[in-house]
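The structure displayed is predicted, hence computed values, not measured ones.
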Amino acid sequence: MAAQVGGMVEYATDVSAQWYFSKEDMRNTPSVTGSDYSASTGKTCSPGEEYSQRHQFVASTACVFFHRFYMRQSLSRYHPYEVAGACVLLSSKVEEHKRGLKDIASACSYVATKGRMKEAADDREKWERLLKRLEITVLENCCFDMDIVHPYGMIDTLAPEFGIPVYIAKSATALVNDTMRTHICLLYRPEVAAVAALYFALEVHGHALSRSLFESRRVVLPANAGRLVDECVADMLDFYRREADSEREAYRQHKSSGASARPRLPHYT
């Protein structure tokens, strides 16, 4: 939420505390405590990435809905690909993006059939019915709270305030995009994630600031922001380390199998 204060825009988020969790909470989700799919909760998932190349706000909002949903429901009861499709459909409406049910159902069907066009066309109506039903389920489990605040606007506000070059601000935005696949949106408020992403990008590019981002007059930070930003940066770094390890393992398996091309679509089982 932004408010005009003394000729400047002051960012302060007013988001329900029910959507922020501790790392202990992450170890006690329904999927972990009562599901055969508990191992899947350690993996990252991006509804927007898996189903289509959409506006970034649509993809990011869908990710938030997706993560919130599985804080209340189990992977053993709701298949993540189906829920991801419903989250993209809902997000398209929330962010007022011109993608209809048929478009999203077609994308879901294409993923589900691993790119087999004939089967995808035949399954589209089934996906339309499924997505309409699941959309209501996602809404209910998200408590009809559709006001999602992302770190992007805060990055755009902090960068000019502190004279941060555009290319570093873009790197910070890319960091936020990447980590939407993780639980970071459930662990840290958007203003904390924005500052963490900027500090991460500044470190990567070797760019020093003359004053601390915590001195911002335009983005309101919590009293314990220093500790939270440090933890968020550490979680971002851990995400990239796990991604690198996963890529190396995938390459090793691909090389040992002698396959001519790596699979481009996720398995729908």
Once side-chain hydrogen bond (donor to acceptor under 3.5 Å, both in side chains) is applied, do any residues pair with Glu161, and if so which ones, sequence neighbours excluded? Ser216
Find the distance between [atom1] ([X]) and [atom2] ([Y]) and round it off to the nearest 0.5 Å.
X: Asn141; Y: Thr137; atom1: CG; atom2: OG1; result: 7.0 Å
X: Phe162; Y: Arg211; atom1: CZ; atom2: CZ; result: 4.5 Å
X: Thr29; Y: Leu75; atom1: OG1; atom2: CG; result: 7.5 Å
X: Glu140; Y: Gln73; atom1: CD; atom2: CD; result: 10.0 Å
X: Met154; Y: Leu221; atom1: CE; atom2: CG; result: 9.5 Å

So which heavy atom on [X] is nearest to which on [Y], and how close?
X: Ser91; Y: Thr61; value: OG-CB, 3.2 Å
X: Ser106; Y: Arg124; value: OG-CD, 2.9 Å
X: Ile148; Y: Val64; value: CD1-CG1, 3.9 Å
X: Ala159; Y: Ala169; value: CB-CB, 3.9 Å
X: Tyr20; Y: Leu187; value: CD2-C, 4.3 Å
X: Ala86; Y: Leu131; value: N-CD2, 3.4 Å

Is a side-chain donor-acceptor pair under 3.5 Å present for Tyr152 with Ser60? yes
Does a donor on one side chain and an acceptor on the other come within less than 3.5 Å for Ser212 and Tyr199? yes
For Ile164 and Leu213, run side-chain contact (heavy atoms from CB on, under 4.5 Å): C-alpha distance rounded to whole Å, both residues' side-chain angles, the deciding distance at 0.1 Å, then the answer. CA-CA 10 Å; Ile164 297 172; Leu213 293 177; 4.1 Å; yes
Do [X] and [Y] have side-chain heavy atoms sitting under 4.5 Å apart?
X: Met146; Y: Leu90; result: yes
X: Cys185; Y: His150; result: no
X: Val204; Y: Ser171; result: no
X: Val32; Y: Asn28; result: no
X: His183; Y: Asp235; result: no

Mark yes when over 12 heavy atoms from residues, nucleotides or ligands other than Lys23 sit less than 6.0 Å from its NZ; otherwise mark no. yes
Atom CD of residue position Glu96 - does it have more than 12 heavy atoms of other residues, nucleotides or ligands inside 6.0 Å? no
For the backbone of [Y] and the side chain of [X], can you confirm whether one donor and one acceptor N or O come within less than 3.5 Å of each other?
X: Ser246; Y: Arg242; result: no
X: Ser109; Y: Ala105; result: no
X: His207; Y: Ala201; result: no
X: Arg181; Y: Asp178; result: yes

Side chain to side chain contact (heavy atoms under 4.5 Å, CB included) with Asp245: of Glu247, Glu243, Arg248, only one passes, and it is Arg248
Could you check whether Tyr70 and Phe66 have their ring centres less than 6.0 Å apart? yes
Same cluster or not: are Phe200 and Val166 linked, directly or through other Ile, Leu, Val, Met, Phe, Trp or Tyr residues, by side-chain heavy atoms under 4.5 angstrom apart? no
